Structure formats: structure tokens, C-alpha cells
Amino acid sequence: MSLRVYNTLTQTKEPFREVASGRVGMYVCGPTVYSKSHVGHMTGPVIFDTVKRYLTYLGYRVTWVVNITDVDDKLIVQAAAEGTTVKELAERVTADYLECLSALGVDGIDVMPRATDHIGEILTMIQSLIQKGFAYASDGDVYFDVTKSKDYGKLSRRDPDELQAGARVEPSSKKHHPGDFALWKSSKPGEPAWESPWGAGRPGWHIECSAMSMKYLGEHFDIHGGGVDLVFPHHENEIAQSEAFSDRTFASYWMHNGLLTKEGKKISKSDPGTVVLMSDLLKLHRADTLRALYLSSHYRRPTDYGPSRLDEISRGLQTFLHFFERYERIARRSFYDLTPPARREEIVAPADAPGWFASIVEHRRGFLDAMDDDFNTGGALGELHELVRLLNRVADSERLESTDRDQQALAAFDRGVLILRELTAILGLFRKPSQTSKVRDDRLAGSLIELLINLRARVRKEKNFALADTIRDELSKLGVALEDRPEGTTWRLIDTEIER
RNA sequence: GGCGCCGUCGCCAAGUGGUAAGGCAGAGGUCUGCAAAACCUCCAUCGCCGGUUCAAAUCCGGCCGGCGCCUCCA
């Protein structure tokens with residue numbers, strides 16, 4: 001199978017064809033930086049980060065652009081409310097956004113242009129649109145004339161005249177048509193402003209995305225993404241102004257992620273109970289848990305967030321974490337240190353490989369097929385679970401933790417684990433070692449735990465199980481879990497993420 | 001009212017014409033001094049009603065229910 005992508009423009013899954021051979025340009029609408037990121041804001045970044053990882057894995061050279069909108073009405077209002085400047089507010093909120101991205105492993109963004117750094121490009125574009133007759137100046141403002149655009153509404157399937165009938169659009173005497181939207185807004189005294197042929201003002205909401213995406217990705221690029229709520233009017237307007245400007249197709253594929261709800265309710269500023277700050281969540285949960293939340297269902301479907309949901313996901317992830325510890329016992333090497341192939345290649349089970357190796361290859365195929373099918377991360381995650389179970393079964397049946405294990409089986413198992421690493425890396429999961437490994441590296445703490453384990457082994461030998469159990473219970477209270485195995489006792493830190 | 005999305009086990013969720021992945025929770029079992037971890041077994045006919053077809057959760061029609069956008073929004 002090869003990659004197919006759902007395109008909002010055509011409402012179908014289409015085979016992926018890049019504009020320029022071997023390269024992909026991807027633009028995703030970023031935040032308007034007037035308030036800290038909440039859970040919902042990270043949906044797009046994590047999803048498109050995964051999209052980029054997968055495209056890169058397929059061999060494309062991907063350039064990913066995410067804008068920062070740092071001038072806007074909401075910023076002006078919020079800055080005034082806080083008694084600060086727009087600039088200070090924007091910088092502070094941007095810093096929070098960047099921290100969230102980094103914590104979640106969203107590290108594939110290549111360019112993060114700020115609107116205020118591109119006023120020149122924006123003005124050039126507006127002037128061109130006026131010259132071409134697509135826009136008009138009106139009392140200090142400049143508007144895009146939707147009636148001049150032959151296929152306005154093609155993305156959101158809307159008829160400009162219907163908008164008028166709906167009468168939902170604020171009639172403005174400055175506009176020729178109610179559906180016309182601002183490219184440039186005149187400013188009042190005290191507001192951030194730039195000089196323009198139409199007087200002091202600032203860019204309208206949609207124009208910066210057109211100007212910046214074209215600057216960094218060209219007039220026609222591959223993927224334009226964002227939340228579904230941006231389809232209209234934002235993306236519709238972007239298409240209209242961009243294509244009017246360039247006379248070319250703007251983006252080949254329009255990808256829209258479903259929104260996140262909080263216990264079934266829409267996350268909205270007007271309902272404070274629904275707003276959960278990402279920075280707060282990151283204190284309670286492992287980044288992988290949050291990442292897995294976004295990837296647990298298909299990106300186009302809405303996802304519901306709730307504390308119990310995160311606990312559930314965290315429990316599901318434990319299987320992997322426990323397996324990584326097991327792998328370390330077997331291979332005496334950390335799963336996190338494995339370097340898997342960075343590019344997709346065909347893997348066929350060698351004739352002399354054990355029968356179960358073919359099953360591993362099967363699951364890899366299933367994973368890749370799912371990803372090829374419009375980035376079906378939910379299905380891919382399912383394959384991962386099956387892969388781990390298979391690997392555990394192999395470790396059991398081949399007795400890989402014992403000293404007389406079969407070397408050939410071990411080698412094949414090792415290759416299987418490398419495949420697991422390869423696949424988890426595509427999803428951006430398990431990038432950093434667990435807490436347990438860190439404590440294990442701490443000589444004192446690790447040694448003390450080992451000491452207690454050794455003492456406990458002595459009393460166990462003497463059949464003093466009461467004392468042995470006391471040691472285990474007390475350690476458990478301290479957050480250390482003991483597991484007795486034929487090869488000896490192992491320990492790990494008890495997950496503090498889930499409250500039991 | 002217009003445009004669009006969705007309804008699969010208690011919960012989450014894949015599957016979009018060939019007879020229901022996976023996870024969480026639950027029950028039983030193997031292993032264990034007991035646990036833990038791991039593994040094994042069990043646990044759904046797909047909102048309702050019609051239709052098309054040899055065959056439908058998957059296609060078509062209708063109905064019921066939930067949601068998004070149409071106004072700022074990831």
C-alpha cells in the first residue's frame with residue numbers, strides 16, 4: 001500500500017503526490033498568543049508532528065512551518081486587561097507554547113514565523129490583490145472582495161450569498177459584501193500599528209498565513225493543516241486570497257484534525273471548567289501519556305479528554321514500559337538507546353528465522369498499512385500492542401531471561417525489538433527513558449535498594465516470609481515495587497502517574 | 001435554516017462488501033511461598049427500519065440520537 005491522505009477539499013482520501021519530487025512543504029496554523037496553551041491546543045502539533053515523522057520515514061524531505069500570530073484584536077484586549085504590552089504578552093505566551101511543544105516531543109517544526117516579522121510581505125500581497133481587482137481600500141481598511149473570487153467557498157462548501165441570507169455576518173458599511181473580509185485594519189491610537197498606503201494599521205486575521213506560507217514553502221505547497229474549526233472562514237479565506245494572488249493552486253491537501261473535548265464538552269474560554277492548561281497537565285502526566293491520548297483515535301475524529309481517560313491510557317502504556325525493562329534484562333542494553341532504521345525498507349523474514357519472526361514482520365506491515373491509510377494512528381497503536389505481546393510470548397517460550405538461552409532465538413528477538421523501536425519512533429513515543437532508569441543510575445539509591453533486596457533474599461531462603469513481605473510492603477510504600485523472578489528479584493519505581 | 005461529521009463490547013477504539021484488531025475494566029487459569037510481571041482462556045453481530053447483493057458493521061434510502069461550523073476559536 002502507499003500513502004493516502006484525506007483531503008477536505010475533495011472530501012476523499014487521495015493518493016499522496018508531492019508538488020516537488022521528494023520534498024514536502026507543510027503549513028499548520030499555529031496559535032494566536034494571547035493565553036497559555038490548553039490541552040486542545042496541542043492536538044494539531046502532536047498529530048502533524050507524527051505526520052512529519054511518517055513522511056520523513058517514507059523518505060520525503062519535509063519542511064514544516066507553524067506560524068505565531070502575535071498581533072490581533074484578542075492580544076490587544078488581553079494585554080490591556082493585564083496592564084502589559086502586546087509584545088510582552090506575546091513573548092510570554094509564545095514561551096509557554098514552545099515549552100509545551102518541547103515537552104510533548106514536537107520537535108519537527110522547521111520554521112516558526114511571527115506575523116509581526118512579515119508586515120512587508122503582507123503589505124506587498126495586499127497591494128497586489130488591490131491591483132488585480134480582488135481587494136479594495138475602504139476608509140483605512142482593506143477588504144477582500146469575495147464576489148471576485150470564482151470559486152469562493154469551495155473548501156467549506158459555502159455560497160457567499162447564503163452568508164448574506166443568514167445575516168450572521170456583522171454588516172459593515174465599509175464592506176461591499178457581508179462576506180468580504182479584512183486584509184488590513186486601521187488602528188486606533190495606542191494600538192500596535194504599521195505604516196501602510198492606507199494609513200496606520202495592522203494585518204487582518206487571514207493574510208499572515210498566506211504571506212508566510214508562501215514565503216517559506218512557495219506559492220503551491222503540499223499540506224495545509226489545522227483544526228476543523230478553521231475550515232471556515234480562516235482557511236476558506238486563505239485559499240481565496242492566495243489563489244487570487246498567485247493564480248495557482250495554494251495547497252494540494254487540506255488536513256483538518258478533530259477537536260478535543262473535555263468530558264464531552266467543548267473546550268471554551270467562556271466555560272472555565274473546560275480549560276485545562278497544558279503546563280498543569282504536564283506536571284501530572286508523562287509526555288507519552290498525553291501524546292498517546294492524541295494518537296489514540298483517528299486524527300479527524302473528535303477526542304475526549306478526562307482524567308480517567310488519561311489514567312486508562314497510562315495503564316495501557318505500562319505494558320510497553322515493563323517490556324522495555326525486560327528487554328534491558330535480556331539484552332543488557334536500553335531500549336531507548338536502540339537506533340532503528342530511519343527510512344522505510346522492506347523487511348522479509350529470512351528462511352532460517354524462527355516462525356514467530358514472520359509474525360513480527362506481519363505486525364510491522366499492519367502498522368505501516370494503517371499509517372499509509374490517512375495516518376491511522378489508532379490502528380497502528382493496536383498493532384504495537386500485539387507486537388509487544390508477541391515479543392513477551394517469545395521471551396517466555398524461548399526462555400530468553402535464562403543463561404542457557406538459544407543465541408539464534410536471541411538474535412531474532414533482538415531484531416524484533418529493533419522493529420518495535422522503529423515503529424514507536426514513528427509515533428514519537430518512548431523517546432526518553434523512564435524514571436526507574438534514572439534512579440538506577442543513582443549509585444546511592446540504587447545500591448540501597450539492591451542491599452535490601454539481598455537481605456530479603458537471605459530471609460526468604462530461611463523461609464521467613466513474614467519479614468520478606470514486610471520489606472516488600474515497606475518498599476512499596478516508598479514507591480519501589482519488587483518482583484521475584486527465577487533469575488532473581490528486580491525492582492522498579494511505582495508509577496506515580498496513576499493514583500490508586 | 002445551510003454545510004459537514006459521527007453513532008462498533010461497561011469505557012476507549014480499529015475495521016468501510018466476505019463473515020467483528022487492540023487497549024482499559026471484569027471472570028477464570030499458568031507461574032509464584034504469597035505477590036508482582038508476563039502469558040493463556042472467556043467476554044459484542046456493529047443506533048433503528050427497509051433496500052441492493054450469493055454475501056453488509058461496511059453500499060443506498062428513511063428514521064432516531066449526538067456533535068461541529070455558519071461569529072473569535074487548535
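Predicted model only: the values in this text are computed from it and were never measured.
- Rounded to a whole Å, the CG atom of A/D304 is 16 Å from the C1' atom of B/A74.
- The gap from the P atom of B/C59 to that of B/G15 amounts to 13 Å, rounded to the nearest Å.
- Ranking B/C69, B/A38, B/A74 by closeness to the A/T319 side chain, first place goes to B/A38.
- Classification of the A/W254-A/H256 ring pair by plane angle, with boundaries at 30° and 60°, yields parallel.
- Comparing A/I313 and A/M42 along RNA chain B, the residue whose closest nucleotide (by nearest heavy atom) sits nearer the 5' end is A/I313.
- For the pair A/D159 CG and B/C70 P, the interatomic distance rounds to 17 Å; values are reported in whole Å.
- Nearest to the side chain of A/D484, among B/A35, B/C5, B/A36, sits B/A35.
- Using a 4.0 Å heavy-atom cutoff across all strands shown, A/N392 reaches sugar-phosphate atoms only and no base atom.
- Taking the side chain of A/S297 as heavy atoms from C-beta on, and the options B/C70, B/G33, B/A14, the nearest nucleotide is B/A14.
- In the set B/C69, B/C6, B/A38, B/A38 carries the atom at the smallest distance from any side-chain atom of A/R326.
- Across B/U45 and B/A38, the matching P atoms stand 29 Å from one another, rounded to whole Å.
- Among the protein residues, A/E383 comes within range of no part of the nucleic acid, since none of its heavy atoms lies under 4.0 Å from any strand.
- In this entry the distance linking CZ of A/F181 with P of B/C72 reads 12 Å, nearest Å.
- A/R399 comes within 4.0 angstrom of nothing in the nucleic acid, heavy atoms only.
- Counting heavy atoms from C-beta on, the side chains of A/R393 and A/W356 never come closer than 4.5 Å.
- A/E312 contributes a side-chain N or O that forms a donor-acceptor pair with the base of B/G23 under 3.5 Å.
- As judged by a 4.0 angstrom heavy-atom cut-off over every strand, A/K463 is placed among residues making no nucleic acid contact.
- The separation of B/U30 from B/G66, taken at their P atoms, amounts to 48 Å, rounded to a whole angstrom.
- Contact annotation for A/E386: backbone-only contact, meaning every heavy-atom pair under 4.0 Å involves sugar-phosphate atoms and none involves a base.
- At whole-Å resolution of the value, CG in A/D72 and C1' in B/C72 are 8 Å apart.
- Taking atom C1' in both B/A14 and B/G51, one finds a spacing of 28 Å when rounded to whole Å.
- Contact annotation for A/G382: base contact, defined as any heavy-atom pair under 4.0 Å involving a base atom.
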Protein N or O to nucleotides 40-42 of chain B N or O, pairs below 3.5 Å:
unit_1	atom_1	unit_2	atom_2	d
B/C40	OP1	A/R393	NE	2.9
B/C40	OP1	A/R393	NH2	2.8

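- For A/R315 against B/G23, no side-chain N or O and base N or O form a donor-acceptor pair under 3.5 Å.
- Other residues, nucleotides and ligands contribute only 12 or fewer heavy atoms inside 6.0 Å of the NZ atom of A/K461.
- You won't find any donor-acceptor pair under 3.5 Å spanning the side chain of A/N376 and the base of B/G15, going by distance alone.
- The shortest heavy-atom contact between A/R309 and A/S296 is NH2-OG, 3.2 Å.
- Between B/G61 and B/U71, the two P atoms lie 29 Å apart (nearest whole Å).
- Of the C1' atoms belonging to B/G33 and B/G28, the separation is 22 Å, rounded to the nearest Å.
- For A/L381 and A/P486, each mapped to the nucleotide of RNA chain B holding its nearest heavy atom, the one lying further toward the 5' end belongs to A/L381.
- Look at the C1' atom in both B/C48 and B/G2: the space between them is 27 Å, to the nearest Å.
- Among the heavy atoms of the strands lying under 4.0 Å from A/G40 is at least one base atom, whether or not backbone atoms are also near.
- With both ends at atom C1', the span from B/A44 to B/G10 equals 11 Å, rounded to whole Å.
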